[in-house]
Amino acid sequence: MPTLLAIEVSPRLDYSTSRKLTGEFIEKWKLEHPGGSVIIRDLIKTHLPFVDLPWIGGAFTPPEQHTPELAAAIKVSDDLIAELKSADQIVIGTPMYNFSIPAILKAYIDQVVRVGITFTMDYEGLLTDKKATVIVTSGSDFAPGTKYESFNVASGYLRQILGLIGITNVDVVLAGRALTVDYGEKTMEEFVGQFAHALSLAAQA
Ligand SMILES: Cc1cc2nc3c(=O)[nH]c(=O)nc-3n(C[C@H](O)[C@H](O)[C@H](O)COP(=O)(O)O)c2cc1C
């Protein structure tokens, strides 16, 4: 039975448009994959240290030479990579921050992108058996053909970094104009409804 890993990023919890869209995706995925299991990796509730000197020491020292300190320094990374490896599909639901991704998501990426473990020195990805869906919500609209399309570095970066670790089958759902919900111009349901078809297609694959 397939496993879906859902990575939640927004600190806005109940008010979050990306969490709502990710929730919709999960429901659709469950219908498409009866009996499948879902792991929620909520980055807001995860201890995510930044890369520091002991981490680098641990990541670049062969495991058989690890001191207890080095092993401890990359335990979070080891655990998050094990979780990622256990999944057949991944969905990342994230807000756009400053045209890019929130720092907390970058901190997660820094933990799971590890040379020799998830990619090789020759940029060969080692997690090749997975598919991902990336949902990016934003205040402005960055859909293809829109005026500010090129300002969006969030989805391109996520596609690139997932590709580095071998996940090249990636659907991107750009959910712009999310502030219409905060401004009361649209209900959350109306906003989410606009992307129902794209989410359904992504969940089918
Ligand atoms: C710190 C911060 C930076 C943001 N930067 C951008 C941005 O560069 N472009 C944009 O269109 N929206 C930006 N926004 C708006 C969010 O992307 C938008 O409100 C999004 O829907 C929030 O997702 P959430 O509802 O899941 O929290 C920013 C919001 C915050 C809080």
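We count residues from 1, following the sequence as given. Every number for a ligand or one of its atoms is a count from 1 in the order of the listing.
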Quiz item: To the nearest 0.5 Å, how far apart are CD1 in I135 and CG in L199?
Solution: 5.0 Å
Return a yes/no value for [X]: is any of its N or O atoms, backbone included, closer than 3.5 angstrom to an N or O of ligand 1?
X: S10; result: yes
X: R19; result: no
X: F99; result: yes

Quick test of your reading of the model: are [X] and [Y] salt-bridged, counting only N-O distances below 4.0 Å?
X: D182; Y: R12; value: yes
X: K147; Y: D141; value: no
X: D42; Y: R19; value: yes

Among protein heavy atoms, which lies nearest [atom], and at what distance?
atom: atom 2 (C) of ligand 1; value: Y97 CD2, 3.4 Å
atom: atom 22 (C) of ligand 1; value: P95 CB, 3.5 Å
atom: atom 10 (C) of ligand 1; value: G139 N, 3.5 Å

Exercise. Starting from the C-alpha separation in whole Å, work towards a yes-or-no answer on side-chain contact (heavy atoms from CB on, under 4.5 Å) for K131 and D171.
Key: CA-CA 8 Å; K131 176 193 181 297; D171 281 319; 2.9 Å; yes
Which of the ligand 1 atoms, numbered from 1, are nearer than 4.0 Å to a heavy atom of [X]:
X: S140; answer: 10 (C), 11 (O)
X: F142; answer: 11 (O)
X: L179; answer: 19 (O)
X: A178; answer: 21 (O)

Self-check item: F151 to ligand 1, any heavy atom closer than 4.0 Å
Solution: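 Not so, F151 does not reach ligand 1.
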Quiz item: Side chain or backbone of R12 under 4.0 Å from ligand 1, or both, or neither, by non-hydrogen atoms?
Solution: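 Under 4.0 Å from ligand 1, R12 contributes side-chain atoms alone.
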Self-check item: Side chain, backbone, both or neither: the part of S138 lying under 4.0 Å from ligand 1 by heavy atom
Solution: both
Quiz prompt | For atom 20 (C) of ligand 1, the option (of N98, T137, D141) bearing the nearest heavy atom | solution = T137
Exercise. Pick whichever of K20, M188, M96, E8 has a heavy atom sitting closest to atom 4 (C) of ligand 1.
Key: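 Result: the heavy atom closest to atom 4 (C) of ligand 1 is in M96.
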Polar contact flag, side-chain donor to acceptor under 3.5 angstrom, [X]-[Y]:
X: R41; Y: T46; answer: yes
X: Q111; Y: W55; answer: yes
X: T94; Y: S18; answer: no

Quiz item: Are the ring centres of F151 and F99 closer than 6.0 Å?
Solution: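 Aromatic pair counts; centres sit under 6.0 Å.
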Exercise. Count the heavy atoms of every other residue, nucleotide or ligand shown that sit under 6.0 Å from CG of D52, and state whether that count exceeds 12.
Key: yes
